[in-house]
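Here's the structure, in structure tokens; my notes come after.
Scope of the values below: all heavy atoms of this structure, side chains included, with no hydrogens, waters or symmetry mates.
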Amino acid sequence: MFVWLTVVLLLTGLYLYWAIRFDPAEALGVAIPATWLFPAWVLLPFFYSPNSIVATGLDVKVAVTSICLILYCFIPGRRFPVKFVLSDYAMLTLFVVHHCSDALNDEWKWTVPARACAEWYLPYIAGRVCLQSARTIRRLWAYWAAIGIVLGLAAIIEGVTRVNPFELVFGVRPYEGASHDHVRWGLRRAYGVTLNPIYFGSIQVLLLGWIAYAAFRSLKKEIHWVWAFAPAVALLGIICTGSRGPIFG
């Protein structure tokens, strides 16, 4: 709990600093992506489950995102995107599908809508509020790409050395039935900050767009030449998860 509280306070402080110094919407794009660097098993537990820690507590991502969105409502300069667009309806559909699927395949309980909100709507609203201006993208794209590179390097290290760098700092992840040394293609499947390699690979796929953008700008000699090699690191990181879905993605 001490680690969880420390991380949450630090990232909340980062948000407040950026929001007051620069822009409260842009600050969401600084503090919340930083949570992707902290493992899913760093959480504030609410109850115990013998099978999984998923949805048994409040992890760093959900806690920081919730706090930052609440603070956003009270900081001068806040802006709210009130006009519905196509992605809003798509997210509403995902929320309903998640809720119906869990309710039909398991008995209904209060954690079903809570988990659906936490997994789908909370990060979506944060991104929707953050990305109201192209200025935010111009200022932060390199930061998002750098996070992707860090995760890619961590995956490569874990795949080759069979040591998860995040476990060295935050403790060994819960295995939850998964092998401690699951090998595919001669590489240990990289779990990184997640509880399943396919999740770790998916996060890297989602960040790959910013890394590719950096490479294109580098080839046009608009930024440093080293960014031209960034996609290679990202792709190797995805391969090291040993997850075919993210690789196809």
Side-chain angles (χ1 to χ4, degrees), residues 15 23-37 40 54-55 58-73 78-106 108-141 143-145 147-148 151 192-214 216 231 234-235 238 241 243-249:
Y15 172 77
D23 179 75
E26 183 180 289
L28 294 171
V30 175
I32 295 174
T35 65
W36 305 338
L37 298 173
V54 175
L58 198 62
D59 67 10
V60 171
K61 294 185 291 297
V62 174
V64 172
T65 303
S66 301
I67 293 171
C68 289
L69 284 174
I70 292 171
L71 292 173
Y72 178 84
C73 297
R78 60 193 180 274
R79 306 179 303 279
F80 298 96
V82 294
K83 182 180 178 180
F84 264 56
V85 297
L86 185 60
S87 62
D88 295 323
Y89 295 104
M91 183 51 59
L92 180 61
T93 302
L94 284 172
F95 172 82
V96 172
V97 169
H98 179 132
H99 190 280
C100 292
S101 176
D102 279 15
L104 290 172
N105 290 282
D106 196 3
W108 192 94
K109 44 186 178 288
W110 68 269
T111 56
V112 172
R115 182 177 173 184
C117 283
E119 293 185 0
W120 294 107
Y121 251 106
L122 197 62
Y124 175 74
I125 291 173
R128 187 84 163 79
V129 172
C130 171
L131 297 173
Q132 297 182 65
S133 169
R135 175 179 176 272
T136 300
I137 294 176
R138 288 194 296 269
R139 283 172 57 86
L140 298 181
W141 69 264
Y143 170 62
W144 301 330
I147 291 176
L151 295 178
V193 293
T194 69
L195 297 172
N196 193 305
I198 196 171
Y199 300 155
F200 193 34
S202 297
I203 293 173
Q204 295 179 70
V205 169
L206 292 172
L207 290 168
L208 186 58
W210 301 113
I211 296 171
Y213 174 69
F216 281 125
L235 291 172
I238 294 170
T241 65
S243 296
R244 288 157 291 197
I247 291 172
F248 284 131

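- Remark: Phe80 engages Tyr72 in a ring pair (Phe, Tyr, Trp, His ring centres under 6.0 Å) (not counting sequence neighbours).
- Tyr199 is linked by a ring pair (Phe, Tyr, Trp, His ring centres under 6.0 Å) to nothing, counting only residues two or more places apart in sequence or in another chain.
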Table please: side-chain donor-acceptor pairs of residues 121-134 below 3.5 Å, with sequence neighbours left out.
residue	atom	partner	partner atom	Å
Tyr124	OH	Ser87	O	3.4
Tyr124	OH	Ser87	OG	2.7
Tyr124	OH	Asp88	N	3.1
Tyr124	OH	Asp88	OD1	2.5
Arg128	NE	Asp88	OD1	2.9
Arg128	NE	Asp88	OD2	3.4
Arg128	NH2	Lys83	O	2.8
Arg128	NH2	Asp88	OD2	2.9
Gln132	NE2	Arg79	O	3.0
Gln132	NE2	Val129	O	2.7
Ser133	OG	Arg135	N	3.0

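- For Ala63, the side-chain contact (heavy atoms from CB on, under 4.5 Å) partners at least two apart in sequence or on another chain are Trp4, Val8, Leu58.
- Ser101 places no side-chain N or O within 3.5 Å of a backbone atom of Val97 that could act as its donor or acceptor partner.
- Between Tyr15 and Val30, every side-chain heavy-atom pair lies at or beyond the 4.5 Å cut-off.
- The side-chain contact (heavy atoms from CB on, under 4.5 Å) check on Leu37 picks up Ile147, Val150, Leu151, with sequence neighbours excluded.
- The closest donor-acceptor contact from the side chain of Thr35 to the backbone of Ile32 lies under 3.5 Å.
- The nearest pair of heavy atoms linking Cys117 to Phe95 is SG-CE1, 3.6 Å.
- For Phe248, there are no ring pair (Phe, Tyr, Trp, His ring centres under 6.0 Å) partners, not counting sequence neighbours.
- Other residues, nucleotides and ligands place no more than 12 heavy atoms under 6.0 Å from the CZ atom of Phe216.
- In this view, Asn196 satisfies the side-chain hydrogen bond (donor to acceptor under 3.5 Å, both in side chains) rule with no residue, not counting sequence neighbours.
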Hey, can you pull the donor-acceptor pairs under 3.5 Å for the side chains in residues 201-213, sequence neighbours left out?
residue	atom	partner	partner atom	Å
Ser202	OG	Ile198	O	2.7
Gln204	NE2	Phe200	O	3.4

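- Remark: His98 engages Asp102, Trp120 in a side-chain hydrogen bond (donor to acceptor under 3.5 Å, both in side chains) (not counting sequence neighbours).
- Taking each heavy atom of Tyr143 and Gly29 in turn, the nearest pair found is CE2-O, 3.5 Å.
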